[in-house]
Number of protein chains: 2
Amino acid sequence: MADEPIDATVADDRPAEQPAMSRRERARAATVDEIKNTALQLMREQGTTDFRFSDIARHMGMTAPALYRYFADRDELLTQLIVDAFADLGAAVAEERDRLPKDDPGGRFFAVAQAYRRWALGESQRFALILGMPVPGYAAPDEGSVTEAARGAMIELKSLFFDAIELGVLREPRFRDAPDPVCRFTAGRDDPMQPDDAPALSAETFQAMLHCWTALHGFTSLEAYGHLDWLPADAREGIFETNMRVVADAAGLPPPANAANSA
Amino acid sequence: MADEPIDATVADDRPAEQPAMSRRERARAATVDEIKNTALQLMREQGTTDFRFSDIARHMGMTAPALYRYFADRDELLTQLIVDAFADLGAAVAEERDRLPKDDPGGRFFAVAQAYRRWALGESQRFALILGMPVPGYAAPDEGSVTEAARGAMIELKSLFFDAIELGVLREPRFRDAPDPVCRFTAGRDDPMQPDDAPALSAETFQAMLHCWTALHGFTSLEAYGHLDWLPADAREGIFETNMRVVADAAGLPPPANAANSA
DNA sequence: GTGTTTCGTTACGTCCCATAACACTAATGA
DNA sequence: TCATTAGTGTTATGGGACGTAACGAAACAC
């Protein structure tokens with residue numbers, strides 16, 4: 001039922017990064033995209049992070065073994081989906097964030113939080129894929145690319161704090177006597193929170209930032225997985241926003257510039 | 001299917017609640033427990049929420065079809081494991097909470113938070129089972145029992161707030177102008193946060209409580225799923241505690257009575 | 001003792017993953 | 001132009017897993 005572009009979720013705007021692409025290469029890339037999109041569609045339809053190779057093939061009007069021309073096995077496709085999902089989440093967050101000026105870190109955090117939540121709710125399977133428990137039979141084979149993708153997504157939140165610091169608008173966070181996590185910003189470590197251009201960040205601010213993310217993630221993941229279904233949907237929206245406002249306040253972020261912030 | 005009590009939730013310490021239990025019934029109950037424990041063991045060993053019926057049988061020196069004498073299918077076993085996990089988490093939290101006096105809600109919340117985290121880290125698969133994304137092919141068949149179990153676990157955190165209110169030690173939370181979630185405490189609704197003896201709870205306090213849980217859950221789940229592995233383990237501990245202190249403060253809970261609270 | 005219930009087995013059907021062997025298409029090169 | 005070759009698909013096959021059916025053995029009831 002979907003032998004058309006379908007969604008093109010990931011393959012949205014990639015104009016012509018590889019102008020030298022033979023006919024075959026283009027066809028192959030298109031098939032790869034179709035496989036990924038079909039997998040995503042099936043995941044959405046069935047509401048799980050699982051998918052059957054044979055289902056994908058059936059959906060595409062192919063036989064299952066043909067898919068092995070494109071992916072060595074199920075795990076390789078899964079890895080690709082994970083990398084794409086990180087990139088997608090990061091892009092979604094960054095886009096919303098950048099709609100507000102740099103000197104409004106409060107508003108920007110709010111935008112980031114809402115984008116994070118919106119993405120998670122709209123793509124709960126992909127959200128679970130990247131930030132939930134590792135999928136059943138899967139053990140990240142290409143450790144590097146996944147880590148790199150995760151790092152890219154997390155940087156979007158981080159840069160917001162760096163901007164705020166440079167602008168001097170970051171209040172002292174409420175994190176009194178916060179213990180200094182040893183690795184806070186020891187350069188060179190390839191952890192996802194590690195920027196290459198890390199300015200000084202106090203232990204308190206580092207924790208405040210982490211607090212923002214974990215609190216944001218906690219509400220979002222519970223909601224995305226249906227564990228807050230007992231709250232009416234419209235109430236959830238308001239509760240989330242209030243939560244984020246409290247978190248931002250604790251982190252020392254100034255309130256959003258323009259009060260009208262409910263997209 | 002469920003033609004017997006089966007239950008035997010965790011079957012740890014159940015002295016003799018059913019003295020009238022024939023030899024066969026006892027043997028059956030023991031087998032059921034062994035199946036469940038084997039499933040848990042396999043989940044732990046493989047680090048996933050998935051398990052193969054045939055693996056369990058193999059592990060027990062049986063053949064797979066024999067298991068169908070005890071569980072109608074994989075889902076029924078899964079449901080049991082979920083119900084058990086809720087009960088277990090609730091019990092673990094309640095036990096730690098009750099080690100501190102009722103008039104120390106700050107300390108109690110801290111204890112609850114630590115118990116929640118400890119349980120999640122030690123039983124990450126079961127944690128994912130109950131509070132992560134629904135398992136692949138699973139759709140809660142026995143909606144009632146699962147909801148009931150979830151409700152029981154959540155009440156442990158809630159009761160702490162009610163105690164604090166009754167004692168009058170709950171400061172005004174930092175949740176200014178919090179929108180009132182319609183269902184906040186409209187009695188009768190069978191939502192998990194719904195107590196039968198619900199006293200009045202301001203919208204702000206309700207949100208504060210929810211904030212405590214979601215923030216706690218956010219950090220915990222990220223850590224349990226390995227998404228905070230880039231932080232040194234000992235640092236995580238401290239960061240968590242600081243986080244929880246900030247959250248408790250925002251919620252209006254008083255600080256813990258005795259400062260020595262790092263078990 | 002016989003008859004019944006319970007528990008386990010083997011045999012089977014179906015579905016999925018993954019590989020192997022084979023067939024068709026299209027780009028390539030003399 | 002036409003044979004070569006890589007690329008892409010197919011059917012055939014093996015190995016597992018879920019779940020059912022039919023059957024045997026042991027425990028229980030009388």
Side-chain angles (χ1 to χ4, degrees), chain A residues 3 18-36 38-39 41-43 45-46 48-81 135-139 141, chain B residues 1-6 8 18 20-36 38-39 41-43 45-46 48-81 134-139 141:
Chain A
D3 37 15
Q18 299 265 351
M21 215 172 171
S22 74
R23 180 174 184 72
R24 266 194 171 150
E25 283 170 329
R26 262 183 293 128
R28 184 178 180 83
T31 306
V32 166
D33 278 351
E34 189 184 349
I35 293 173
K36 293 200 285 193
T38 306
Q41 184 189 340
L42 288 173
M43 279 171 40
E45 282 174 6
Q46 305 173 354
T48 72
T49 57
D50 206 10
F51 55 82
R52 276 175 273 284
F53 239 52
S54 40
D55 277 359
I56 298 174
R58 230 191 316 280
H59 233 266
M60 292 175 63
M62 291 173 42
T63 56
L67 299 183
Y68 290 86
R69 297 285 182 196
Y70 301 90
F71 296 96
D73 57 11
R74 236 170 113 274
D75 280 11
E76 194 171 302
L77 172 53
L78 208 48
T79 303
Q80 266 301 310
L81 293 178
V135 166
Y138 176 74
Chain B
M1 26 221 89
D3 39 12
E4 276 311 301
I6 291 185
Q18 298 267 353
M21 212 172 173
S22 75
R23 180 174 185 73
R24 267 193 170 151
E25 285 169 327
R26 262 183 294 127
R28 183 179 179 84
T31 305
V32 166
D33 279 351
E34 189 183 348
I35 293 173
K36 294 201 284 193
T38 306
Q41 184 189 341
L42 288 174
M43 278 170 43
E45 283 175 4
Q46 305 173 352
T48 72
T49 56
D50 205 11
F51 55 82
R52 273 176 276 285
F53 239 51
S54 41
D55 277 359
I56 298 175
R58 232 191 314 280
H59 229 264
M60 291 175 64
M62 289 174 43
T63 56
L67 299 183
Y68 291 86
R69 297 284 182 198
Y70 301 90
F71 296 95
D73 56 12
R74 235 170 113 274
D75 279 11
E76 193 171 303
L77 171 54
L78 208 47
T79 302
Q80 267 299 311
L81 293 178
V135 167
Y138 175 75

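Here is the naming used below: chain letters follow the sequence lines, and residue numbers restart at 1 for every chain. In what follows, every heavy atom counts, from backbone to side chain, and hydrogens, waters and symmetry copies are set aside.
Distance from the side chain of A:Pro65 is smallest to D:dT11 among C:dG8, D:dC18, D:dT11. Comparing C:dC16, D:dC18, C:dA18 against the side chain of A:Asp55 picks out C:dC16 as the nearest. The side chain of A:Met62 lies closest to D:dG9, out of D:dG9, C:dG8, C:dC16. Distances from the side chain of A:Tyr68 to the nucleotides D:dT20, C:dT19, D:dT10 place C:dT19 closest. Residue A:Arg28 has its side chain nearest to D:dT8 when only D:dG19, D:dT10, D:dT8 are considered. The listed nucleotides are C:dT9, D:dT20, C:dC16; the one nearest the side chain of B:Ala66 is C:dT9.
Residues B:Asp33 and B:Arg28 are not paired through a salt bridge, judged by the lack of any N-O separation under 4.0 Å between the basic side chain and the carboxylate.
Here the P atom of nucleotide C:dC16 and the CG atom of B:Asp50 are 16 Å apart, to the nearest Å. Here D:dT10 presents its C1' atom at 16 Å from CZ of A:Arg58, a figure rounded to the nearest Å. For the pair A:Met60 CE and D:dT10 C1', the computed distance is 15 Å after rounding to whole Å. Between the CG atom of B:Leu77 and the C1' atom of D:dG19 there is a distance of 15 Å, rounded to whole Å.
Note on A:Phe53: only backbone sugar-phosphate atoms sit closer than 4.0 angstrom, heavy atoms only; bases stay farther off. Using a 4.0 Å heavy-atom distance criterion, B:Ser54 is classed as a sugar-phosphate-only contact. Among the protein residues, A:Arg69 comes within range of the nucleic acid bases, having at least one heavy atom under 4.0 Å from a base atom. Across all strands shown, A:Phe71 has no heavy atoms under 4.0 Å from either base or sugar-phosphate atoms.
Nearest heavy-atom pair across A:Arg74 and A:Phe53 is CG-CD1, 3.5 Å.
Of the residues near DNA chain C, B:Thr63 and A:Asp73, the one whose nearest nucleotide (by heavy atom distance) lies more toward the 5' end is B:Thr63.
When only modelled atom types and interatomic distance are considered, B:Gln41 and B:Glu45 share a side-chain donor-acceptor pair under 3.5 Å.
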